[in-house]
There are 2 protein chains.
Amino acid sequence: MSDLLERLRGRGWRMTAQRRVVAEVLDGEHVHLTADEVHARAVAKLPEISRATVYNTLGELVSLGEVLEVATDKRAKRYDPNAHRPHHHLICAGCGAIRDVHPSGNPLADLPDSERFGFTVSDVEVTYRGLCPNCAAA
Amino acid sequence: MSDLLERLRGRGWRMTAQRRVVAEVLDGEHVHLTADEVHARAVAKLPEISRATVYNTLGELVSLGEVLEVATDKRAKRYDPNAHRPHHHLICAGCGAIRDVHPSGNPLADLPDSERFGFTVSDVEVTYRGLCPNCAAA
DNA sequence: ATCCCACACTGGACAACGTCCAAGTCAAGC
DNA sequence: GCTTGACTTGGACGTTGTCCAGTGTGGGAT
């Protein structure tokens with residue numbers, strides 16, 4: 001993802017300090033941050049960046065397909081920079097930790113036509129829930 | 001689900017007019033209502049019922065396992081009274097319509113041990129996305 | 001190098017959704 | 001019918017996210 005900035009520039013993105021900072025934050029360790037966490041980390045690098053800009057930038061990255069929104073049952077959306085390798089998520093019900101996982105099989109194929117109600121089905125999102133080793137031990 | 005009230009009474013629930021109304025609302029046509037929609041319908045039957053009570057009651061129904069929370073990408077959680085028959089959801093990206101679906105296969109079995117990271121995986125939630133016939137035609 | 005302006009950013013108000021709490025009310029067992 | 005503790009109320013508050021008018025600026029044109 002180090003070439004994210006290049007890809008964005010290639011798509012006609014105007015490169016600003018704020019956008020660079022947001023991209024850098026997402027480019028760090030592969031975690032699933034909320035918008036506010038992204039904002040907090042961005043502020044550490046560029047103190048005057050505003051919440052609105054972070055929200056705007058995240059929204060743009062999502063519509064460009066560079067970042068995925070993950071809707072867990074938590075209150076806030078999380079942003080997943082690992083958009084270029086399809087994957088699903090495993091969430092700990094205890095501490096909220098999120099791991100990327102790669103199930104075998106293709107859930108899309110598991111939905112028979114009779115269960116599609118005429119929909120054009122284009123995407124599937126699988127969320128596994130359970131307890132991580134720490135929370136299971138507690 | 002007409003015996004919902006009985007089941008709840010059996011679990012030691014104190015039966016109040018408010019709880020009865022909320023249960024009746026969920027017992028109607030099988031749709032996926034937001035908390036505010038539940039509140040609106042409840043007010044129609046019992047004008048003084050408060051938002052807080054609806055939230056409380058929904059939360060209790062969820063922890064009793066009588067109702068499921070559905071986290072779509074929309075802002076508000078939706079409540080699914082069809083908790084006793086496992087199923088997944090198909091959501092229209094255009095209009096937000098939600099259908100219950102029953103895929104073949106078992107996604108839980110599709111997650112190999114090597115992808116479980118020591119988690120105790122207990123549940124899986126599958127969300128299909130696409131366009132309903134109406135939105136696809138538009 | 002500089003100018004210019006469309007696009008981006010800011011900060012704060014606002015909106016949607018949900019939670020919390022003190023005080024009042026009521027279901028249900030005696 | 002009492003009593004009591006669980007339930008409800010209404011409103012304040014918190015969190016997450018959106019919007020907008022005013023200001024700033026990247027980067028192509030000159």
Side-chain angles (χ1 to χ4, degrees), chain A residues 5-25 32-64 66-80 96, chain B residues 5-25 32-64 66-80 96:
Chain A
L5 291 176
E6 288 316 312
R7 283 206 302 282
L8 295 174
R9 200 190 304 272
R11 300 211 206 185
W13 243 38
R14 194 147 126 187
M15 196 46 55
T16 67
Q18 290 83 355
R19 287 174 171 183
R20 202 167 358 246
V21 164
V22 170
E24 280 171 18
V25 167
H32 302 78
L33 299 170
T34 64
D36 261 5
E37 287 164 353
V38 172
H39 179 232
R41 300 191 184 204
V43 164
K45 299 175 180 237
L46 184 70
E48 327 77 41
I49 193 170
S50 77
R51 260 178 2 112
T53 297
V54 171
Y55 276 101
N56 287 342
T57 305
L58 287 172
E60 287 158 10
L61 288 170
V62 168
S63 40
L64 289 174
E66 295 290 347
V67 162
L68 291 179
E69 268 181 14
V70 182
T72 78
D73 57 346
K74 297 291 185 182
R75 325 222 0 217
K77 293 179 199 163
R78 293 182 171 272
Y79 292 88
D80 184 342
Chain B
L5 292 176
E6 288 316 313
R7 283 205 303 282
L8 294 175
R9 199 188 306 271
R11 299 211 206 186
W13 243 37
R14 195 146 128 189
M15 195 47 55
T16 68
Q18 291 82 355
R19 287 174 169 183
R20 203 168 358 247
V21 164
V22 170
E24 279 171 20
V25 166
H32 302 78
L33 299 169
T34 64
D36 262 4
E37 286 164 354
V38 173
H39 180 232
R41 299 192 185 203
V43 163
K45 298 174 180 235
L46 183 68
E48 327 77 41
I49 192 170
S50 78
R51 261 178 2 111
T53 297
V54 171
Y55 277 101
N56 287 342
T57 305
L58 287 172
E60 286 158 11
L61 288 169
V62 168
S63 40
L64 289 175
E66 294 291 346
V67 162
L68 291 179
E69 269 181 14
V70 182
T72 76
D73 56 348
K74 298 292 186 182
R75 318 220 10 212
K77 293 178 199 162
R78 293 181 172 273
Y79 291 89
D80 185 342

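Basis for what follows: all heavy atoms, side chains included, without hydrogens, waters or symmetry-related copies.
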Exercise for the section: Before giving the answer on salt bridge (charged side-chain N to carboxylate O under 4.0 Å, His left out), spell out for A/Glu69 and A/Arg78 the whole-Å C-alpha distance, their side-chain angles and the decisive distance to 0.1 Å. Expected result: CA-CA 6 Å; A/Glu69 268 181 14; A/Arg78 293 182 171 272; over 6 Å; no
D/dT9 OP1/OP2 closer than 4.0 Å to side-chain N/O of B/Gln18
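For D/dT9, OP1 or OP2 has a side-chain N or O of B/Gln18 closer than 4.0 Å.
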Handout entry: Salt-bridge present (A/Glu66, A/Arg11; N to O < 4.0 Å)
Key =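 Yes, this pair counts.
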Can you tell whether the side chains of B/Glu24 and B/Lys45 come within less than 4.0 Å, N to carboxylate O?
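Result for this pair is yes, salt bridge flagged.
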Collect all protein-nucleotide pairs involving nucleotides 21-23 of chain D in which both atoms are nitrogen or oxygen and the distance is under 3.5 Å.
none

Listed pairs, N/O of protein and of nucleotides 2-6 of chain D, under 3.5 Å:
from	atom 1	to	atom 2	distance (Å)
D/dG5	N2	B/Arg14	NH1	3.1
D/dG5	N2	B/Arg14	NH2	2.3
D/dA6	O4'	B/Arg14	NH1	3.2
D/dA6	N3	B/Arg14	NH2	3.1

Using chain B heavy atoms and a threshold of under 4.0 Å, write down where along DNA chain C the contacts begin and end, 5' to 3'.
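Both ends considered, the range comes out as C/dA16 to C/dA28.
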Closer to the 5' end of DNA chain C via nearest nucleotide, is it B/Lys77 or B/Ala17?
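Taking each residue's closest nucleotide, the earlier one in sequence belongs to B/Lys77.
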Inset, instruction - Please report how far the helix from C/dA1-D/dT30 to C/dC30-D/dG1 bends, comparing the axis fitted to its first five pairs with the axis fitted to its last five, to the nearest 10 degrees. - result: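 The end-segment axes of the helix from C/dA1-D/dT30 to C/dC30-D/dG1 are tilted 30° relative to each other.
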Requested in this report: Tell me which residues in residues 32-42 of chain B put a heavy atom below 4.0 Å from DNA chain D, sorted by number, or none.
Outcome: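 Heavy-atom contacts with DNA chain D come from no residue of residues 32-42 of chain B; none.
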TODO: Nearest whole angstrom, please: distance from the P of D/dG27 to the CZ of A/Arg9.
DONE: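 Whole-Å distance recorded here is 6 Å.
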Original post:
Quick one, which residues of residues 46-56 of chain B touch DNA chain C with a heavy atom under 4.0 Å?
Top reply: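 Close to the strand are B/Arg51, B/Ala52, B/Tyr55.
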